[in-house]
**Q** 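Could you have a look at this structure, given as structure tokens, before my questions?
In what follows, chains are A, B, ... by sequence order, proteins preceding strands, each numbered from 1. Values reported hereafter were calculated over all heavy atoms of this structure, with side chains retained and with hydrogens, waters and symmetry mates removed.
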Amino acid sequence: MGHALNTILQDILTRWKRMLGYKVLWLPGTDHAGIATQNVVEKQLANEGINRHQIGRNAFIKRVWTWKAEYGGKIIHQLKSLGASCDWSRERFTLDEGLSKAVKEVFVRLYEEGLIYRDNRLINWCSRCNTALSDLEVEHEELEGKLTYIKYPLTTPVPPLSKGRYITVATTRPETMLGDTAVAVHPDDERYKEFIGKTIALPLTKRTIPIISDYTVDPSFGTGALKVTPAHDFNDEAMAKRQNPPLEFITVIGSDGRMTVNAGDRYAGLDRFDCRKLVLEDLKKLNLIEKEEAYKHAVGHCYRCKTITEPLLTLQWYVNVQSMAKDAVRVVKEGKIKIFPNSWENTYYGWMENIQDWCISRQIWWGHRIPVWYCQKMQNETCKEKNGIIVSRDTPHACPYCGSEKLIQDEDVLDTWFSSALWPFSTLGWPDETDDLKTFYPTSVLVTGFDIIFFWVARMIMMGLKFMKDVPFRDVYIHALVRDIKGQKMSKSKGNVIDPLIMIDKYGTDAFRFTLAAFAAQGRDIKFSENRVEGYRHFVNKLWNAARFIMINSEIQNPKSKIILSLPSKWILSRLASTVDDVNNALEEYRFNDAANSIYQFIWHEFCDWYLEMAKTEIQTSEGDSGVRWCLLYTLDASLRILHPFMPFVTEELWQKIKNHSSAVNSQQKKIEDSIMISDYPRSLQRDYMAEKDMSYIIDAVNGIRNIRGELNISPSLKLNALVKTFSTTGEKILSENLQYIKDITRTDKLDIGMHVEKPECSATSVKSSMEIYVPLKGVLNIETEIDRLNKDKEKIEESLEFLNKKLFNEDFLKKAPVEVVEKEKTKYNELMNIKAKIIESLKILKNMEVNK
RNA sequence: GGGCGGAUAGCUCAGUUGGGAGAGCGCAGCCCUUACAAGGCUGAGGUCACAGGUUCGAGCCCUGUUCCGCCUACCA
């Protein structure tokens with residue numbers, strides 16, 4: 001559903017701008033989703049009882065390509081089902097030759113600038129996927145765990161002992177104690193000061209570890225003493241490196257999630273969680289467990305397979321992103337990139353300002369292999385200096401330093417997001433200077449979900465600025481997350497996933513698209529409800545029937561004579577103009593829901609409910625060359641074009657059908673073979689405020705008669721006599737001129753229009769088959785209610801003024817009250833006087849207008 | 001720990017410089033009126049989470065509270 005929403009919004013923008021006459025490129029494609037894809041294919045292999053190592057790297061990659069061909073095709077099929085009007089001839093894939101070339105180019109350039117480096121440090125590791133993960137690829141989840149207090153015996157008892165012969169530490173991961181290389185306390189902690197520098201006999205091992213001091217230890221947490229496991233904890237790693245001399249790193253958990261030989265014979269080979277149990281048992285036997293507490297804490301999980309990640313000491317490639325991140329923040333702050341809704345900007349800054357270097361190597365096979373080779377010989381000094389590392393765009397045949405031909409390429413591949421980050425320019429031919437780049441870079445807009453702001457958006461901005469010297473896109477529209485009707489995230493395990501293709505089968509693509517667009521309010525998640533789709537399917541049907549009616553009744557018999565427009569026709573054209581403005585303005589600001597609702601309101605409740613009904617009168621009473629036929633076709637044609645970006649299929653179908661009609665009345669129409677998707681999008685049509693105001697009398701009269709009918713339960717089939725009285729001379733004139741419309745729509749036999757000399761108290765009376773109604777002035781420019789409202793405001797203000805007046809002329813008050821209070825009251829008084837003056841002025845203008853009418 | 005968002009009709013949600021509380025669905029009543037019963041017309045239903053404040057005037061601005069959701073983080 002997220003992808004569907006994403007696609008639909010982009011397609012709306014694409015079709016809209018294309019119809020407005022812009023040269024629009026919407027380039028489709030997919031990334032290779034390294035870890036996820038590899039996992040899927042590995043599962044396939046597992047079902048066959050084999051693993052990737054048995055078939056080897058090349059054969060494995062071949063299998064993934066087969067899988068990719070199938071599922072990549074499915075994705076494209078889904079896009080097309082949604083009506084996505086991409087340029088399919090330009091479809092790209094991150095592992096394409098061109099994009100791979102860009103990846104290598106970027107890697108080499110960043111390496112040469114010193115921004116890509118290799119380092120041996122702790123990194124989040126997924127033991128199931130058997131690869132390193134970036135910080136972003138680790139999801140933290142609160143889990144109920146246990147905080148275990150373990151007693152560590154001192155080797156050198158210090159008299160007088162405040163806490164016996166032990167120091168107690170608290171941990172959530174007891175198995176890591178096998179890799180402890182120190183116990184740390186805060187240097188100012190009185191309880192432990194005397195122990196600093198002493199040693200401890202680490203239980204279950206033969207090792208002795210020191211007690212050290214470090215300022216980051218929180219004396220209030222646990223016992224105030226911290227076990228230090230540099231090889232399996234990020235804090236401890238930093239602490240170990242701070243110490244002089246640095247603490248030893250002892251890796252006790254391996255890349256497979258099992259204990260290493262360093263853990264000792266008893267534990268080596270055990271799964272890390274089994275080992276935890278055994279360690280606890282053993283400690284209990286030795287009576288070294290002081291207590292256990294329930295404890296909630298965040299645990300990292302692999303974002304692809306949900307396995308608990310493990311900090312592991314490994315050699316990986318990193319990108320130093322510090323300076324790029326600063327640039328990326330700057331362009332947003334300067335407004336060169338605008339984020340909609342802008343509330344996401346803070347989130348963006350927050351992350352970018354605390355960004356860590358990006359680990360880009362992955363120990364999998366599906367992806368861009370790192371363009372690094374290692375010299376196996378290292379025969380001279382230069383070669384040794386460089387650690388035998390050769391970074392190259394092309395496969396080298398010999399070591400450039402020592403000439404050895406024994407080279408081995410790095411086994412790892414790059415993080416998928418590394419190649420995705422280049423997408424805005426790699427897909428347009430970079431590093432070559434292509435015409436496409438000149439034409440389409442920077443792009444106008446990126447539409448995406450918030451979940452990949454950091455994975456993708458931020459990195460595209462960094463890379464775009466770095467290599468194109470310009471932003472990759474000017475606007476970023478962050479769309480909502482599509483949830484189920486209860487507001488839960490859709491997931492396979494919950495079974496609440498809704499398949500867009502099923503919605504499309506059931507309700508049609510147009511209704512489905514319109515629903516998501518109408519739901520897409522900024523800054524709010526979408527709770528998807530199926531009955532809303534059903535409602536919009538009705539809308540499609542309504543449109544279809546309206547078009548049918550118009551085609552039946554709009555055969556142009558005599559198009560030569562000039563067009564004379566009735567009041568309803570002028571009115572609907574003005575309403576159309578208003579809608580066109582609303583829609584264009586809304587889309588300009590990515591308010592898809594406002595645009596959709598505005599069109600819906602216009603077509604159903606103005607065009608169909610009112611204009612089509614009134615058109616019937618005119619069709620019956622007028623000749624074939626009446627303006628109404630032209631206006632029906634014109635409005636339908638324009639409506640279809642406004643609606644097209646939202647509902648491409650039904651609008652195209654209807655537009656093709658009415659083209660014969662409309663081309664007869666509209667010389668600007670394109671040729672028969674043209675498609676609505678390249679017709680002109682309506683913009684800036686002429687409003688007719690007078691017609692809108694005049695029409696409001698008719699609407700009020702009709703509504704008045706209908707209300708009485710409805711309230712008094714008079715059957716619609718019963719024809720009756722009515723007297724409509726109005727307070728204004730204009731009203732009387734308009735109603736009299738348009739009597740027949742009102743009679744037809746309200747099914748009245750005899751309709752009289754009269755004047756009220758004064759505004760009557762009651763609005764309607766009815767005696768069996770006749771009624772009398774008063775038509776109040778509603779709608780645009782309603783002068784009377786405006787006068788009423790202003791009068792009320794004036795009264796209120798006068799009350800306040802009177803009150804203040806008394807205060808300000810009260811000598812007691814003036815003497816006792818502090819100067820600033822008096823001043824404040826005076827200012828208030830003056831403000832109110834100003835407001836009053838403005839109101840009086842407005843009232844004068846309004847009264848004049850009414851008299852002139 | 002830090003940050004963000006939400007609370008409006010039975011349900012799903014709009015409400016853009018503070019001035020009329022709205023839509024769709026659902027519900028009730030009437031209607032097969034020659035585009036449409038997947039429809040038309042009419043109606044019922046809301047102390048806009050709670051408490052204060054600013055303002056002539058607050059769903060909207062400010063402060064606090066409660067509940068829900070999310071993002072982020074190396075809290076042993």
**Q** For nucleotides B:C48 and B:C11, find the distance between their P atoms and express it as a whole number of Å.
**A**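 These two P atoms come out 16 Å apart once rounded.
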**Q** Between B:G46 and B:A21, how far is it from one C1' atom to the other, in whole Å?
**A**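 It comes out at 8 Å once rounded to the nearest Å.
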**Q** Looking at every strand, decide which applies to A:Arg591 at a 4.0 Å heavy-atom threshold: base, sugar-phosphate, or nothing.
**A**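 Base, at least one base atom sits under 4.0 Å.
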**Q** Taking the same atom, C1', in B:U33 and in B:A37, what whole-Å distance lies between them?
**A**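 Those two atoms are separated by 13 Å.
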**Q** Checking A:Arg548 side chain against A:Trp544 main chain: does a donor-acceptor pair fall under 3.5 Å?
**A**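 The answer is no, because no donor-acceptor pair under 3.5 Å joins these two groups.
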**Q** On a whole-Å scale, what distance lies between the C1' atoms belonging to B:C70 and B:A23?
**A**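 So the two C1' atoms sit 27 Å from each other.
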**Q** Give a yes-or-no answer on whether the side chains of A:Asn597 and A:Gln601 include a donor-acceptor pair shorter than 3.5 Å.
**A**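 No, no side-chain donor-acceptor pair sits under 3.5 Å.
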**Q** If I take atom CZ in residue A:Phe234 and atom C1' in nucleotide B:A76, what distance separates them, rounded to the nearest angstrom?
**A**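 From A:Phe234 CZ to B:A76 C1': 14 Å.
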**Q** If the cut-off is 4.0 Å, is A:Asn703 near the phosphate of B:U42, judged by side-chain N/O to OP1 or OP2?
**A**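 Answer is yes, contact under 4.0 Å.
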**Q** Please list each protein N or O that sits under 3.5 Å from an N or O in nucleotides 2-4 of chain B, with the distance.
**A**
none

**Q** Identify whether any heavy atom of A:Asp218 sits under 4.0 Å from a base atom; if not, whether one sits that close to sugar-phosphate; answer base, sugar-phosphate or nothing.
**A**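 Base, at least one base heavy atom under 4.0 Å.
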**Q** Between A:Glu618 (CD) and B:A35 (C1'), how many Å, whole number?
**A**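 Spelled out: CD on A:Glu618 to C1' on B:A35 is 17 Å.
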**Q** Would you confirm whether the ring centroid of A:Tyr477 sits within less than 6.0 angstrom of the ring centroid of A:Phe592?
**A**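 Yes - the distance between ring centres of A:Phe592 and A:Tyr477 falls below the 6.0 Å cut-off.
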**Q** Is it the case that the side chain of A:Glu237 and the backbone of A:Leu122 share a donor-acceptor pair, with hydrogens and angles ignored and the cut-off at 3.5 Å?
**A**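 Pair found, side chain donor or acceptor close to backbone of A:Leu122.
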**Q** If you measure only the distance, is there a donor-acceptor pair under 3.5 Å linking the side chains of A:Glu137 and A:Tyr303?
**A**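 Yes, because at least one side-chain N or O of A:Glu137 sits under 3.5 Å from a partner of the opposite role on A:Tyr303.
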**Q** Roughly how many Å apart are B:G57 and B:G20, using the C1' atom of each and rounding to a whole number?
**A**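 Rounded to whole Å, the distance is 13 Å.
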**Q** Search all heavy atoms of A:Leu640 against all heavy atoms of A:Thr651 and return the closest pair with its distance.
**A**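 The answer is O-CG2, 3.5 Å.
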**Q** Which is true for A:Glu613 with a 4.0 Å heavy-atom rule: it touches a base, it touches only sugar-phosphate, or it touches nothing?
**A**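 Base contact.
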**Q** Which nucleotide wins on minimum distance to the side chain of A:Phe221, given the candidates B:U16, B:A76, B:A35?
**A**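 For the A:Phe221 side chain, the nearest candidate turns out to be B:A76.
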**Q** With nearest nucleotides of RNA chain B determined for A:Asp135 and A:His297 from heavy-atom distances, which residue corresponds to the more 5′ nucleotide?
**A**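 Final value for this comparison: A:Asp135.
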**Q** For B:U72, take OP1 and OP2 only and decide whether either is under 4.0 Å from a side-chain N or O of A:His140.
**A**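 So the side chain of A:His140 is outside the cut-off, no N or O lying under 4.0 Å from OP1 or OP2 of B:U72.
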**Q** Enumerate, in order of first residue number, the stems that involve RNA chain B, defined as 3 or more consecutive Watson-Crick or G-U wobble pairs with both distances under 3.5 Å.
**A**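 The stems are B:1-7 with B:66-72, B:10-13 with B:22-25, B:27-31 with B:39-43, B:49-53 with B:61-65.
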**Q** Determine the contact category for A:Leu147: base if any of its heavy atoms lies under 4.0 Å from a base atom, sugar-phosphate if only primed atoms, P, OP1 or OP2 are that close, otherwise nothing.
**A**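 Result for A:Leu147 = nothing.
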**Q** Taking only side-chain N and O atoms of A:Lys542, does any of them lie within less than 4.0 angstrom of OP1 or OP2 on B:G40?
**A**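 So the side-chain polar atoms of A:Lys542 do come within 4.0 Å of the phosphate oxygens OP1 or OP2 of B:G40, strictly under.
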**Q** Tell me: CD1 of A:Ile550 to C1' of B:C36, nearest whole Å?
**A**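 Distance, rounded to whole Å: 12 Å.
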**Q** Rounded to the nearest Å, what distance is computed from the CZ atom of residue A:Arg747 to the P atom of nucleotide B:C41?
**A**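 In whole Å, B:C41 P and A:Arg747 CZ are 14 Å from each other.
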**Q** Measure from NE2 on A:His186 to P on B:C75 and round the result to the nearest Å.
**A**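 Whole-Å distance recorded here is 18 Å.
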**Q** Between A:Arg242 and A:Asp214, does any side-chain N to carboxylate O distance fall below 4.0 Å?
**A**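 Answer for the salt bridge query: yes.
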**Q** Verify the distance criterion only: is there a donor paired with an acceptor across the side chains of A:Glu618 and A:Tyr741 at less than 3.5 Å?
**A**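 There is such a pair (donor and acceptor under 3.5 Å, judged by atom type) between the side chains of A:Glu618 and A:Tyr741.
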**Q** Quick check: are there more than 12 heavy atoms from other residues, nucleotides or ligands sitting under 6.0 Å from NZ of A:Lys743?
**A**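 Counting other residues, nucleotides and ligands, NZ of A:Lys743 exceeds 12 neighbours.
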**Q** Which nucleotide, B:G40, B:C75, B:A14, lies nearest any side-chain atom of A:Asn593?
**A**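 Taking heavy atoms from C-beta onward, the closest nucleotide is B:A14.
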**Q** Identify each atom pair where a protein N or O and an N or O of nucleotides 21-24 of chain B are less than 3.5 Å apart, giving names and distance.
**A**
from	atom 1	to	atom 2	distance (Å)
B:G24	OP1	A:His605	NE2	3.4

**Q** Using the P atom as the point on both nucleotides, what is the distance between B:U65 and B:A14, in whole Å?
**A**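 Looking at atom P only, B:A14 and B:U65 are 26 Å apart.
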**Q** Where the side chain of A:Phe450 is concerned, which of B:A35, B:A38, B:C70 is the nearest nucleotide?
**A**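 Nearest to the side chain of A:Phe450 among the choices is B:C70.
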**Q** Hey, does A:Val228 reach any base, or is it just sugar-phosphate, or nothing, if we go heavy atoms under 4.0 Å?
**A**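 No contact at all - A:Val228 keeps every heavy atom at 4.0 Å or more from the nucleic acid.
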**Q** For A:Phe539, which of A:Val650, A:Leu643, A:Asp510 qualifies under side-chain contact (heavy atoms from CB on, under 4.5 Å)?
**A**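 Passing option: A:Leu643.
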**Q** Could you give the distance separating B:C27 and B:G45 at their C1' atoms, to the nearest angstrom?
**A**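 Taking atom C1' in both B:G45 and B:C27, they lie 9 Å apart.
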**Q** Determine, using ring centers only, whether A:Tyr536 and A:Tyr600 are less than 6.0 Å apart.
**A**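 A:Tyr600 vs A:Tyr536: aromatic centres under 6.0 Å.
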**Q** Can you list every pair that meets salt bridge (Lys or Arg N to Asp or Glu O under 4.0 Å) and has a residue in residues 537-547 of chain A, with sequence neighbours left out?
**A**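 Matches after skipping sequence neighbours: none remain.
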**Q** Between B:C25 and B:G19, how far apart are the C1' atoms? Round to whole Å, please.
**A**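 Going atom to atom, C1' in each nucleotide, I get 31 Å.
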**Q** In this structure, how many angstroms lie between the C1' atom of B:G40 and the CZ atom of A:Arg706, rounded?
**A**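 Atom-to-atom, A:Arg706 to B:G40, this comes out as 8 Å.
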**Q** Think A:Lys296 has a side-chain N or O under 4.0 angstrom from the OP1 or OP2 of B:C75?
**A**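 No, no such contact exists.
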**Q** For A:Trp351, give me all partners under side-chain hydrogen bond (donor to acceptor under 3.5 Å, both in side chains), at least two apart in sequence or on another chain.
**A**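 A:Trp351: no side-chain hydrogen bond (donor to acceptor under 3.5 Å, both in side chains) contacts found.
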**Q** Quick one: which of B:A38, B:G40, B:A35 gets closest to the side chain of A:Phe549?
**A**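 For the A:Phe549 side chain, the nearest candidate turns out to be B:A35.
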**Q** Between B:C70 atom P and A:Ile478 atom CD1, what is the distance in whole Å?
**A**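 Checked: the CD1 to P distance equals 19 Å.
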**Q** Taking only residues two or more places apart in sequence or in another chain, which ones pass side-chain hydrogen bond (donor to acceptor under 3.5 Å, both in side chains) with A:Asn541?
**A**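 Listed in chain order: nothing, the list is empty.
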**Q** Rounded to the nearest Å, what distance is computed from the CD atom of residue A:Gln356 to the C1' atom of nucleotide B:U72?
**A**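 Taking CD of A:Gln356 and C1' of B:U72, I get 13 Å after rounding.
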**Q** Using the side-chain heavy atoms of A:Phe519, tell me which of these nucleotides is nearest: B:A76, B:U12, B:A73.
**A**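 Among the listed nucleotides, the one closest to the side chain of A:Phe519 is B:U12.
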